[in-house]
Amino acid sequence: MTISVCEDKEQLAQKAANLFLQIAQRAIEERGRFVAALSGGSTPERTYTLLAQPERATQLDWNKVYLFFGDERFVPHDDPRSNYHMVKQAMLDALPLPAGHVLAVRTDLPTPEAAAEHYEQMLLAFFALPDRQTLPRFDLVFLGLGDDCHTASLFPSAAALTERKRLVVATPPGTLPPPVDRITFTFPLINAARQVVFLVAGSNKAKTLYRALVERPPIWLCPAVGIRPADGELLWLVDKEAASLLPPE
Ligand code: 6PG
């Protein structure tokens with residue numbers, strides 16, 4: 001695990017956007033395509049905006065890029081609480097991504113469970129896997145850290161934390177807003193990724209970051225502790241304010 005401390009939120013967003021490009025270029029060179037899972041929340045929004053700006057956007061062959069969502073709120077895609085909506089506004093509208101390369105969670109299905117099941121089937125079909133025995137490997141998974149130590153939509157005490165077989169599950173609202181059902185990647189799927197990157201910024205995250213990285217409570221209390229890529233890299237990209245309680249290196 002690596003912790004990289006940035007000067008401020010802006011530097012964090014720039015580093016994250018540059019890292020996205022580097023990982024994407026390497027994946028395309030090595031495997032012919034780049035498959036990423038994006039996170040919601042407010043922190044990555046600036047990173048997405050920077051990726052859509054011409055100086056960065058023109059560095060990548062977007063025909064070879066596929067974007068999934070590590071979690072989603074069970075609200076329509078045009079709802080401001082939707083992660084898809086945020087990413088669309090911040091970057092998708094400005095990028096030359098071919099149709100079918102943005103694999104959003106279907107929130108127009110009758111229930112969050114149906115949406116989770118459908119997303120899992122979509123993932124298996126995309127990665128051409130017959131069943132869940134072999135885990136899909138994302139080239140990059142972006143994650144955030146909630147004030148209650150949740151990540152993706154893996155909330156403290158939720159049943160989703162103990163899921164070992166399913167790749168995607170529905171989960172009831174956590175204690176933090178917005179109070180809507182969620183669809184989330186599970187630990188096995190996230191931990192199979194080649195690279196997982198947490199983006200954490202702001203002084204309001206300092207205590208939680210200390211808990212997740214130093215105190216390391218049990219997973220049911222602090223789900224972020226459960227992110228341990230089995231055969232991949234884990235990077236915490238944080239800003240100085242969020243890192244203010246961490247011991248000096
Ligand atoms: C969501 C998320 C969630 C988020 C954290 C951090 O849909 O809510 O994906 O896990 O990343 O809550 O959010 P902030 O970046 O807004 O602090």
Side-chain angles (χ1 to χ4, degrees), residues 6 8-13 15-17 20 36-50 67-77 79-91 103-105 107 112 115-116 119 138 140-158 160-161 168-187 189-191 193 196-213 219 221-227 234-239 241-244:
C6 308
D8 55 24
K9 279 189 180 133
E10 182 59 21
Q11 198 189 69
L12 180 143
K15 270 205 179 177
F20 180 101
L38 303 177
S39 82
S42 54
T43 314
E45 195 170 348
R46 177 75 184 143
T47 301
Y48 301 148
T49 303
L50 291 176
L67 302 175
F68 284 80
F69 291 76
D71 75 320
E72 183 55 282
R73 291 99 182 257
F74 194 62
V75 295
H77 280 171
D79 186 301
R81 295 168 299 180
S82 155
N83 286 338
Y84 170 78
H85 182 262
M86 180 273 284
V87 177
K88 182 172 184 303
Q89 303 266 322
M91 86 172 172
L103 296 112
V105 179
T107 54
Y119 207 47
F138 277 84
L140 170 65
V141 176
F142 271 148
L143 292 175
L145 179 69
D147 295 350
D148 58 356
C149 225
H150 82 262
T151 189
S153 283
L154 296 164
F155 294 105
S157 304
L161 301 180
V168 184
V169 294
T171 187
T175 48
L176 294 177
V180 291
D181 286 311
R182 314 284 187 107
I183 290 90
T184 185
F185 279 16
T186 58
F187 283 128
L189 178 56
I190 299 173
N191 285 332
V196 178
V197 179
F198 273 93
L199 304 180
V200 188
S203 54
N204 58 323
K205 290 289 162 74
K207 268 192 191 152
T208 315
L209 191 65
Y210 178 83
R211 283 185 75 208
L213 293 179
I219 289 169
L221 285 173
C222 183
V225 170
I227 303 299
L234 174 59
L235 170 66
W236 286 81
L237 209 48
V238 305
D239 75 351
E241 288 187 352
S244 61

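Numbering of ligands and ligand atoms starts at 1, following listing order. Computed over heavy atoms, backbone and side chain alike; hydrogens, waters and symmetry mates excluded. Bear in mind the structure is a predicted one, so any value in this text is a computation, not a measurement.
Ring geometry for H77 versus Y84: interplanar angle of 30 to 60°, hence tilted.
With hydrogens and angles ignored, the 3.5 Å screen pairs no side-chain donor or acceptor of E72 with any backbone N or O of A104.
For ligand 1, the 4.0 Å heavy-atom shell takes in G40, G41, S42, T43, D71, R73, N83, G144, L145, G146, H150, T151, A152, R182, K205, ordered by chain and residue number.
Remark: K15 NZ to L199 CG distance equals 12.0 Å, nearest 0.5 Å.
Checked against disulfide bond (SG atoms under 2.5 Å apart), C222 has the following partners two or more places apart in sequence or in another chain: C149. A90 is linked by a side chain to side chain contact (heavy atoms under 4.5 Å, CB included) to E45, Y48, T49, counting only residues two or more places apart in sequence or in another chain. Partners of K88 according to the salt bridge (charged side-chain N to carboxylate O under 4.0 Å, His left out) rule, which considers only residues two or more places apart in sequence or in another chain, are D93.
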